[in-house]
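For reference, positions follow the sequence shown, starting with 1. First listed ligand is number 1; within each ligand, the first listed atom is number 1.
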Amino acid sequence: MPRPIGATINQTALHNNISIVKQLAPYANIWSIVKANAYGHGLSRVWKSLTKTDGFALVNIEDAIFLREQGWKKPILLLEGFFQQQDITLIDYYHLTTSIHSSWQIQAIAQAHVSKPINIYLKINTGMNRLGFRPEQTQIIWRILRSLPNIGQMTLMTHFADTKNLKKFNKSLKCIKKAANKLNCLCSLANSATILWHPEAHFDWIRPGIILYGASPSGEWKDINNTNLQPVMTLNSEIIGIQNLVYGDGVGYNYHYHALHSQRIGTVSCGYGDGYPRHAPTGTPVCVDGIRTRTLGLISMDMMAIDLEPCPQASIGSKVELWGKEIKIDEVATSAGTISYELMCSLTSRVPVKMIF
Ligand SMILES: *Cc1c(COP(=O)(O)O)cnc(C)c1O
């Protein structure tokens, strides 16, 4: 028998979530963000559930080529652009859209031999200071790019550093609007948080990532509780051992938890070797046969201990949900001091994944 752990990817939830994104921004085109192996869900598994999208955006050119080979004919955007002059040959051959964020890339495109003009996203740095040209350079760079015969459609793009602090968000929005002044161009500005909470910044092409996978860009599930977004990934396992503790017994490595009274605990076959966060402290929520309970002590590589006090009927073989519908991945992430994005991306290859409908 295989270990009882497994992840499921819910195709219906993906369909549902992209429909909700469409309702949130009815006039925008959608780049579905599928970088990092579709946020850990598996690009090859999920892309067909997202074909309502207008395009896919990602960072690895291999993933773009994969989608083309699978028959995807609509746009594909390389969010980090290209890394070497030679990459332009593939961008041309596979008809990819590339972001341009550095001057050397302009020269590289200008000098390339291409079969048709390349569509580009001009990336402007509105505060993140990661990639992009300074806003005040926009007009001149736009004109240079526009004059190049190797360049086709052009779109202005930025990525907001702060969508929570309204003052900082508005400063960046004002900055990109000023940069775009009179260019009469297409704009792509909005990540999930902007799609949900700043409709005035949707513009032409939105870029939803985390909301497609049914988690909250704020890290708090309650912030998207009223949206009907549904969790796509579930991580399940089972209880494989039961221990009856007496007062003072320790649990797990370094006895991080001590029983305060006689207590029945379960051992679940899931640990950080599966992608569960090792930093999840005692009290992180889990669900046993539909009843919420909590982890106890340190998470080890293959196992964790859980409190069976709220679920006295639980026994070996009882189903445990680590995250999914009952336990939101945002709750686990918050408890472990991280974000859902990181947990999704961290699922390890030893966890079997099944599509459900
Ligand atoms: C990852 C990414 C997104 C999606 O962000 P979410 O918060 O997951 O919606 C959008 N735009 C860019 C440039 C990104 O790198």
In terms of side-chain heavy atoms, does [X] have a donor or acceptor partner in [Y] at a distance below 3.5 Å?
X	Y	result
Thr126	Thr158	yes
Asp92	Ser115	yes
Arg130	His101	no

* Asked: Has the side chain of Arg278 got a donor or acceptor atom that lies under 3.5 Å from a matching backbone atom of Gly273?
  ->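 Checking the backbone N and O of Gly273 against the side chain of Arg278, no donor-acceptor pair under 3.5 Å is found.
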
* Asked: Is the backbone N or O of Leu43 less than 3.5 Å from a side-chain atom of Asn37, with the two atoms forming a donor-acceptor pair by type?
  -> yes

* Taking the six-membered ring for Trp, are Tyr94 and Trp72 ring centroids under 6.0 Å apart? ->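 No; Trp72 has its ring centre 6.0 Å or more from that of Tyr94.
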
Quick check on ligand 1: any N or O pairs to the protein under 3.5 Å? One line per pair.
residue	atom	partner	partner atom	Å
ligand 1	7 (O)	Tyr341	OH	2.6
ligand 1	8 (O)	Tyr39	OH	2.6
ligand 1	8 (O)	Ile210	N	2.8
ligand 1	9 (O)	Ser192	N	2.8
ligand 1	9 (O)	Ser192	OG	2.5
ligand 1	9 (O)	Gly209	N	3.0
ligand 1	11 (N)	His159	ND1	3.4
ligand 1	11 (N)	Arg207	NE	2.8
ligand 1	11 (N)	Arg207	NH2	3.4
ligand 1	15 (O)	Lys35	NZ	2.6

